[in-house]
Amino acid sequence: MERPLLFLDVDGPLNPYAARPERRPEGCITLRVPRNGALVDEVSLSSRRRPLRVWLNPEHGRDLLRLEYDLCWATTWMDEANHWIAPALGLPELPFVDFGDTLFRERPDGVHWKTAPLVEYAGGRPFAWVDDEQTEPDRAYVDAHHRGPALLHHVDPRVGLRQDDFRALADFVDDSCDTGPRLVRQDGVTAAPPPSWHP
């Protein structure tokens, strides 16, 4: 069986941007990225030209590589994450989802602009998505349009990824390799596979 994909957002899970600005989170280093050198999430957009401050915990790279996933960037940084983020975490160059013209495009149904491209990229393959912006409409969309197991794992952008998050991701791999496809929601509810799924 194919290993699940792990879609990685940068700002929130890896860069706890919402932490107290005067106090760098424990275990993190500070990276300064020129604003013209990267595509960045909405929280970073500014008319000021100061370098973007990014907090990263180098241990996260090792922890991510230990998981039984194929890692993939799912961030507005897109390929720039390989230039700025991956080296600081000790990660190899990773594939990335190219959001193209869907980048930041709001949908009237409340589904996040990343959700449909991630489902399309996965193509039915099991996946987990760590982000700080998923909501119930995203879970409903994945349930309706993705034929394999999926975990939408919300990460608090004030603290970033923690050991509990890594345990949840490891548990999903174990669970997704047994019976059949289902959507594992953040609240622990397991949904039935969508009608479109065929074994």
Side-chain angles (χ1 to χ4, degrees), residues 1-10 12-14 59-83 85-87 89-100 102-103 111-155 160-199:
M1 180 178 182
E2 266 188 309
R3 296 192 341 160
L5 288 164
L6 178 52
F7 289 127
L8 289 168
D9 184 28
V10 170
L14 295 173
E59 296 297 314
H60 284 165
R62 182 194 65 196
D63 293 338
L64 287 165
L65 290 172
R66 286 180 177 164
L67 294 169
E68 294 294 321
Y69 285 91
D70 290 337
L71 307 179
C72 181
W73 296 119
T75 171
T76 56
W77 291 72
M78 293 191 278
D79 192 37
E80 289 294 319
N82 283 319
H83 180 74
I85 307 302
L89 297 179
L91 292 174
E93 183 171 326
L94 301 176
F96 66 96
V97 179
D98 185 344
F99 292 107
T102 64
L103 190 69
V111 173
H112 196 280
W113 54 266
K114 289 183 183 178
T115 307
L118 294 184
V119 168
E120 181 179 354
Y121 187 100
R125 185 175 174 184
F127 73 84
W129 171 24
V130 292
D131 207 304
D132 62 313
E133 296 186 343
Q134 307 109 324
T135 60
E136 198 54 43
D138 301 304
R139 294 184 181 97
Y141 182 94
V142 172
D143 191 20
H145 296 90
H146 181 65
R147 64 182 183 271
L151 172 66
L152 277 62
H153 188 77
H154 185 270
V155 176
L161 284 168
R162 293 290 184 253
Q163 286 310 306
D164 286 350
D165 301 304
F166 286 103
R167 276 192 290 275
L169 291 168
D171 289 346
F172 173 72
V173 173
D174 293 341
D175 292 344
S176 67
C177 290
D178 53 28
T179 54
R182 64 238 180 257
L183 174 69
V184 182
R185 296 180 6 180
Q186 181 68 28
D187 57 10
V189 174
T190 301
S196 59
W197 182 80
H198 299 286

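Note that the structure is predicted; figures quoted are calculated from it, not measured.
- Between P95 and Y121 there is a side-chain heavy-atom pair separated by less than 4.5 Å.
- Closest approach of P4 to V173, counting heavy atoms only: CG-CG2, 4.3 Å.
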Under the ring pair (Phe, Tyr, Trp, His ring centres under 6.0 Å) criterion, do H60 and F166 qualify, and how do the steps go? CA-CA 9 Å; H60 284 165; F166 286 103; 5.7 Å; yes
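- Taking the side chain as every heavy atom from C-beta outward, F172 and P149 approach each other to under 4.5 Å.
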Run the side chain to side chain contact (heavy atoms under 4.5 Å, CB included) check on C72 and L6 step by step: do they pass? CA-CA 6 Å; C72 181; L6 178 52; over 6 Å; no
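- Looking at D9 and L14, their side chains never come closer than 4.5 Å, going by heavy atoms from C-beta outward.
- Atom CZ of R167 and atom CG of L67 lie 12.0 Å apart (nearest 0.5 Å).
- The two residues M78 and F96 make their nearest non-hydrogen contact at CB-CD1, 3.7 Å.
- In this structure, L152 CG and R139 CZ are separated by 6.0 Å, a value rounded to the nearest 0.5 Å.
- The side-chain contact (heavy atoms from CB on, under 4.5 Å) with V10 is formed by just one residue from the set I85, T76, D131; it is I85.
- No donor-acceptor distance shorter than 3.5 angstrom exists from the side chain of R66 to the backbone of G61, with no hydrogens or angles considered.
- Here D165 pairs with H153 under the side-chain hydrogen bond (donor to acceptor under 3.5 Å, both in side chains) rule; sequence neighbours left out.
- Salt bridge status for D138 with K114: absent, with no side-chain N to carboxylate O gap under 4.0 Å.
- Partners of E120 according to the side-chain hydrogen bond (donor to acceptor under 3.5 Å, both in side chains) rule, which considers only residues two or more places apart in sequence or in another chain, do not exist here.
- Taking all atoms of both residues into account, the shortest heavy-atom contact from L169 to Y69 is O-OH, 2.7 Å.
- No side-chain N or O of Q134 forms a donor-acceptor pair with one of H154 less than 3.5 Å apart.
- Put simply, CD on E68 and CZ on R3 are 5.0 Å apart, with the number rounded to the nearest 0.5 Å.
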Check against side chain to side chain contact (heavy atoms under 4.5 Å, CB included), R162 and V155: CA-CA 9 Å; R162 293 290 184 253; V155 176; over 6 Å; no
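- The shortest heavy-atom contact between A122 and L5 is CA-CD1, 3.9 Å.
- For the pair P92/L94, a side-chain contact is recorded, criterion being any heavy-atom separation below 4.5 Å from C-beta on.
- Taking CZ from F7 and CG from D70, the interatomic distance works out to 10.5 Å, rounded to the nearest 0.5 Å.
- The two residues A150 and H146 have their closest heavy-atom pair at CB-CD2, 3.9 Å.
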N82 and W77: side chain to side chain contact (heavy atoms under 4.5 Å, CB included), yes or no, with the steps? CA-CA 9 Å; N82 283 319; W77 291 72; over 6 Å; no
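- Counting heavy atoms from C-beta outward, Y141 and L118 have side chains that stay 4.5 Å or more apart.
- Minimum heavy-atom separation, A81 to T75: CB-CG2, 4.3 Å.
- Considering only heavy atoms from C-beta on, D79 stays 4.5 Å or farther from W73 through its side chain.
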